[in-house]
Each structure stands twice: as structure tokens, then as C-alpha cells.
Amino acid sequence: MQRTKKTGSPLCSLPVPADYEEFELTINGDKVDPLMMVRQDGYSNWEQWEFRGPRVYGIQTRRFKLVRPGHCRDLAGVRRKAGKLTDGQWREAFRQKYPRPDGRDSIGFAGSEWVDSNGFFNFPYLCGGSVWWCSDFHWAPTGFHEGWRWLVEMGK
């Protein structure tokens with residue numbers, strides 16, 4: 001059974017960057033296990049999932065921006081319009097730096113692939129409530145409305 005998890009702290013948090021505004025995130029990829037992300041999001045069958053990567057290792061700092069590519073039929077369309085989508089483990093670094101949602105649409109982290117127990121490709125995302133982020137996994141072949149934002153890595 002699937003459920004979402006409330007996360008973050010409502011105290012002393014940075015505002016989520018505006019669309020297309022560059023910002024920096026730091027991650028320790030060794031401490032963000034891709035299958036533990038599935039487990040922490042409340043999937044009771046997390047052991048039956050498979051992570052197909054790519055995986056982030058070590059401490060890394062990179063520059064990103066949130067992009068809205070508009071309506072896309074599927075994830076391939078998002079990739080064509082948005083650019084280099086960020087590996088899914090970065091969801092945890094984003095949520096740690098920006099623990100309070102901005103009340104706007106979902107944010108996808110679709111540069112990595114997870115395969116669920118039914119054999120479907122998924123990616124991690126955040127959806128914002130008024131106080132807490134809800135984290136979950138989304139089925140990749142689905143269409144995405146114009147409100148979706150995507151974390152895109154900036155070139156070096």
C-alpha cells in the first residue's frame with residue numbers, strides 16, 4: 001500500500017527558489033539510499049522495487065534551477081523541453097534545504113529511474129501542502145500538466 005510522508009520543519013526555513021532562479025544544493029549521496037527513499041515514503045513493498053540509477057555518491061555541491069516546460073505527454077517530452085533532469089536522490093537535498101513548500105505545484109526529480117513491484121518506471125517528487133512537503137514516487141509514462149516544475153542541473 002502506498003502513502004505519503006510529511007517531512008520538514010516549519011521553523012527558520014528558506015523560501016523555495018522562484019522558477020528559473022539559480023541556486024545551490026549539497027548532498028551526501030552515500031547517506032541517501034535510493035531504496036530507503038521508497039521505504040521512507042511509506043511503500044510496504046519497497047524491497048520489491050529496483051533502482052536502475054544513476055546513483056549519486058559522496059558529498060557534491062551543484063547548481064540547479066526549477067523549470068516549467070509546460071504540458072508534456074510523458075517524461076520523454078519533459079526531458080526534451082526542460083533539459084538535464086536531476087537524479088532523484090537530490091530530492092532529499094532539496095527537501096532538507098527548503099523544508100517548507102511554497103504551496104505551488106509538484107517538483108519532479110526524474111534523472112534516475114526506480115522500477116516498482118509491477119515493473120513500472122517511477123521517479124521521486126515533492127508535492128506541497130501548506131506546511132509540509134509530501135514526498136512520493138510518480139509513474140513515469142503519465143502526462144504532466146503545465147504546473148509541474150522540474151529540478152534541472154545547470155551546466156558546469
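Scope of the values below: all heavy atoms of this structure, side chains included, with no hydrogens, waters or symmetry mates.
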Q: With the side chain counted from C-beta on, respond yes when Phe51 and Val38 share a heavy-atom pair under 4.5 Å apart, and no when they do not.
A: no

Q) From Phe144 CZ over to Tyr125 OH, what is the distance, rounded to the nearest 0.5 angstrom? A) 10.0 Å

**Q.** Test: Lys65 and Glu22 ion pair at under 4.0 Å
**A.** no

Q | Euclidean distance, Leu14 CG relative to Phe23 CZ, rounded to 0.5 Å | A | 11.0 Å

Q) Quick check: are there more than 12 heavy atoms from other residues, nucleotides or ligands sitting under 6.0 Å from CD of Gln96? A) no

Q: Step by step, work out the side chain to side chain donor-acceptor pair (under 3.5 Å) result for Arg95 and Ser135.
A: CA-CA 9 Å; Arg95 181 169 50 185; Ser135 62; 2.8 Å; yes

Q) Say you draw a straight line from CH2 of Trp46 to CG of Leu35; how long is it, rounded to the nearest 0.5 Å? A) 7.0 Å

(Q) How close do Gly58 and Asp30 get, counting heavy atoms only, and between which atoms? (A) N-OD1, 3.0 Å

Q: Answer whether the closest heavy-atom distance between the side chains of Tyr98 and Pro17 falls below 4.5 Å.
A: yes

Q. Where do Met37 and Gly88 come nearest, in terms of heavy atoms and distance?
A. CE-O, 3.4 Å

Q: State, yes or no, whether a side-chain contact exists between Val16 and Leu66 at a heavy-atom distance under 4.5 Å.
A: yes

Q: For the pair Tyr43 and Asp136, evaluate side chain to side chain donor-acceptor pair (under 3.5 Å) and give the outcome as yes or no after the intermediate values.
A: CA-CA 9 Å; Tyr43 290 84; Asp136 208 344; 2.4 Å; yes

**Q.** Residue from Gln40, Arg39, Arg55, Glu92 passing side chain to side chain contact (heavy atoms under 4.5 Å, CB included) with Asp33
**A.** Arg55

(Q) Classify the ring geometry of Trp148 against His138: parallel below 30°, tilted from 30° to 60°, perpendicular beyond 60°. (A) perpendicular

(Q) Between Asp87 (side chain only) and Gln89 (backbone N and O only), is there a donor and an acceptor less than 3.5 Å apart? (A) no

Q: Supply the atom-to-atom distance Lys84 NZ to Met154 CE, rounded to the nearest 0.5 angstrom.
A: 12.5 Å

Q.
Using every non-hydrogen atom in the two residues, find where Pro54 and Gly111 come nearest and quote the distance to one decimal.
A. CD-O, 3.4 Å

Q | Within 45° cone and under 6.0 Å: Arg68 NZ/CZ vs Tyr20 ring | A | no

Q) In Å and rounded to the nearest 0.5 Å, what is the CZ to CG distance from Phe120 to Asn122? A) 9.0 Å

(Q) Going by side chain to side chain contact (heavy atoms under 4.5 Å, CB included), Cys72 matches just one of Arg79, Arg80, Lys81. Which one? (A) Lys81

Q. With Phe64, which residues qualify under ring-ring contact (aromatic ring centres under 6.0 Å, His included), at least two apart?
A. Trp90

(Q) Please determine whether ring-ring contact (aromatic ring centres under 6.0 Å, His included) holds for the pair Trp150 and Phe123, giving the CA-CA distance in whole Å, both sets of side-chain angles, and the decisive distance to 0.1 Å. (A) CA-CA 11 Å; Trp150 303 87; Phe123 63 88; 5.5 Å; yes

